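Notes to accompany the following structure.
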Amino acid sequence: MGQFLMAAAVLVAFFLSVPAASHTGLATWASIAAASMSFVAMALNQFLATRPRYLEGLFGGLDRIYHTHRQLGIAALVLFLIHYIVTPNFKGLVLTSGLNEMAGTAGEIGFYGLVVLAGISLVKRLPKTRIEVPYNLWRQSHRFIGFFFILIAVHLNFIKRPFDGTALLAVYLNIFAAIGVISFIVTQIRPFIARKRYQVSDIIALPSATLVTARAVGRPIAARPGHFAFLKSDRSGLGEPHPFTIARHDPATSSISFAIKPLGDFTRRLRDTLQVGDILHLEGGYGRFEVHKGSQSQVWLAGGIGITPFLAQVETLRATPDKKVHLFHSVRSEVEAVQRDYLEGLSASLPNFTFTLHASKTNGRLGAAQLIEKSQVPPKGADFWFCGPEAMRLAIVKDLKLSGNAPGKVKFEKFEFR
């Protein structure tokens, strides 16, 4: 639903451009229509960048919001390029020649700035190479998109155009200009308001992950099992917020735990430098990976560190004895398993929960056939909750369907934005 509403908002600009500019000729109208749609898409992107938790239900989670954010960015760039290539040609309304020239300059600066930043945002890694834009540089450069959006808003308001300020298209674009500018301001100040302080109380360095536990200093974040939060620290090199799934959350003690795999610069620095007593700044919780909303029969599959959201939710099965779950954790070797003893203990004590650890180095790659054979919950018709590599999910779901064991629903999160 959320994606549909975003697309509809962009298309409204297209339809409003017909009475406003179609009299200028096909090429000029197409250029103005493309510019109008691009501007609305950019404004919506600024809005989605505020991480509106109240819209997660419409989109299916913050991960889907970020996915839509990316698609809108691509659409805005393509439409803006059409406007740039197809130069409008008409006798239009202009306030003064000085403002028109200023608007033209603002538009050029905004265009080139957005092209560069959009390129960095959309192509974080050069194809067929290991050359990757550092996250810190990517995030900081991403913030400047708001400044270039303001320049584009100035351009649209003061450049020569074939309609006056009372036209529906002009009013519509001004509304989205306000939405975009306000959203940009919110993104700059909201983190300082939304973040909660936590003090690290325990750090355990496992072979495949770093378990970090912290206790709230003051008011805790509002989070449920399966949510994730944005985490940063005052320590050098850990100042950029990164999203991590919450492994444990205890509202009674205001404590929270994360299982963080050392994959990149940030996670390695965290493993090497974070100490007990350090202050963490958390923002969240976000997400819709909530297994308690699923059916009575569920199969959970975690690939590697994808076990984290299941760790947070397995305890909820104590209160729902009629819900049956089989959890598979696929790792390369058994030493990479996170909280294995805890999960095996729950499997022994909870009649409605079973756990299987699969080490691919010893037993080969986990496939649909092994899942069907070992699962105490028949996959056919059950909810299939997955967290791990996309290729693994696609292969297993495909084979389940081919074997006549198609699950009822397949639930997963899109983690590309991380």
Side-chain angles (χ1 to χ4, degrees), residues 1-11 37 40-78 118 121-124 135 138-139 142 145 176 179-180 183-184 186-187 190-191 194 221-231 241-246 282-295 298 300-303 305-306 308-310 312-313 383-394 396-397 407-418:
M1 177 60 75
Q3 293 85 344
F4 171 78
L5 292 175
M6 297 297 105
V10 173
L11 286 175
M37 289 189 291
V40 171
M42 285 187 280
L44 290 171
N45 251 2
Q46 292 297 314
F47 171 64
L48 294 182
T50 64
R51 301 174 189 160
R53 292 179 64 179
Y54 51 88
L55 291 184
E56 281 195 279
L58 284 176
F59 286 85
L62 185 64
D63 57 307
R64 262 69 176 185
I65 290 179
Y66 268 72
H67 184 71
T68 304
H69 176 86
R70 179 180 174 84
Q71 298 305 313
L72 280 172
I74 295 172
L77 180 60
V78 171
S121 296
L122 298 175
V123 186
K124 296 179 184 178
Y135 179 82
W138 172 83
R139 186 173 180 276
H142 204 69
I145 289 179
F176 279 94
I179 291 173
S183 296
F184 173 62
V186 169
T187 60
R190 186 176 181 276
I221 63 172
R224 295 191 298 272
H227 280 184
F228 62 88
F230 287 84
L231 178 155
H242 282 59
F244 297 105
T245 302
I246 299 169
L282 304 183
E283 180 188 344
Y286 296 103
R288 283 293 185 272
F289 199 75
E290 300 169 332
V291 298
H292 66 274
K293 296 182 178 179
S295 69
Q298 301 185 20
W300 300 352
L301 175 55
I305 199 61
T308 309
F310 299 116
Q313 303 188 78
D383 279 4
F384 183 74
W385 293 80
F386 178 86
C387 187
E390 180 183 29
M392 182 182 186
R393 169 177 57 82
L394 294 175
I396 289 181
V397 171
K409 293 180 181 179
V410 179
K411 301 287 187 178
F412 61 96
E413 286 189 314
K414 297 177 181 289
F415 287 98
E416 293 86 351
F417 72 92
R418 297 187 179 195

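Remember, it's a predicted structure, so these values are computed and weren't measured experimentally.
- Checked against side chain to side chain contact (heavy atoms under 4.5 Å, CB included), Leu394 has the following partners two or more places apart in sequence or in another chain: Glu390.
- Side-chain contact between Phe59 and His67 is absent, with no heavy-atom pair separated by less than 4.5 Å.
- Asn45 and His69 get closest at one heavy-atom pair: OD1-O, 2.9 Å.
- Separation of atoms SG (Cys387) and NZ (Lys411) is listed at 15.0 Å; rounding is to 0.5 Å.
- Leu301 places none of its side-chain heavy atoms less than 4.5 Å from the side chain of Arg393.
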Using the ring-ring contact (aromatic ring centres under 6.0 Å, His included) rule, take Phe289 and Phe310 through it: C-alpha gap first, then chi angles, then the decisive distance, then the call. CA-CA 9 Å; Phe289 199 75; Phe310 299 116; 5.5 Å; yes
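- Contacts of Phe176 classified as ring pair (Phe, Tyr, Trp, His ring centres under 6.0 Å), with partners at least two apart in sequence or in another chain: Tyr172.
- When all heavy atoms of Gln46 and Ile145 are compared, the closest pair comes out as NE2-CG2, 3.4 Å.
- Applying the side chain to side chain contact (heavy atoms under 4.5 Å, CB included) criterion to Ala75, with sequence neighbours excluded, gives no partner residue.
- Thr187 is linked by a side chain to side chain contact (heavy atoms under 4.5 Å, CB included) to Ala49, Thr50, Phe184, counting only residues two or more places apart in sequence or in another chain.
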Under the side-chain contact (heavy atoms from CB on, under 4.5 Å) criterion, do Leu62 and Phe228 qualify, and how do the steps go? CA-CA 10 Å; Leu62 185 64; Phe228 62 88; 3.8 Å; yes
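- For the atom pair CG of Leu58 and CZ of Phe4, the computed distance is 12.0 Å after rounding to the nearest 0.5 Å.
- Checked against side chain to side chain donor-acceptor pair (under 3.5 Å), Glu283 has the following partners two or more places apart in sequence or in another chain: Arg51, Arg190, Tyr286.
- Between Met37 atom CE and Met42 atom CE the span is 12.0 Å, to the nearest 0.5 Å.
- Between Leu231 and His242 the shortest side-chain heavy-atom distance does not fall below 4.5 Å.
- Put simply, the side chain of Phe386 does not reach to within 4.5 Å of the side chain of Val397, judged on heavy atoms.
- Atoms CG and CE, on Leu55 and Met1 in that order, are 12.5 Å from each other to the nearest 0.5 Å.
- With Leu44 as the fixed residue, the side-chain contact (heavy atoms from CB on, under 4.5 Å) test singles out one of Thr68, Leu5, Leu72: Leu72.
- Inter-residue side-chain proximity for Ile221 and Ile246 is flagged as met; some heavy-atom pair is nearer than 4.5 Å.
- Leu11 pairs by the side chain to side chain contact (heavy atoms under 4.5 Å, CB included) definition with Phe15, not counting sequence neighbours.
- Rounding to the nearest 0.5 angstrom, the gap separating the CZ atom in Arg64 from the CD atom in Gln71 is 12.5 Å.
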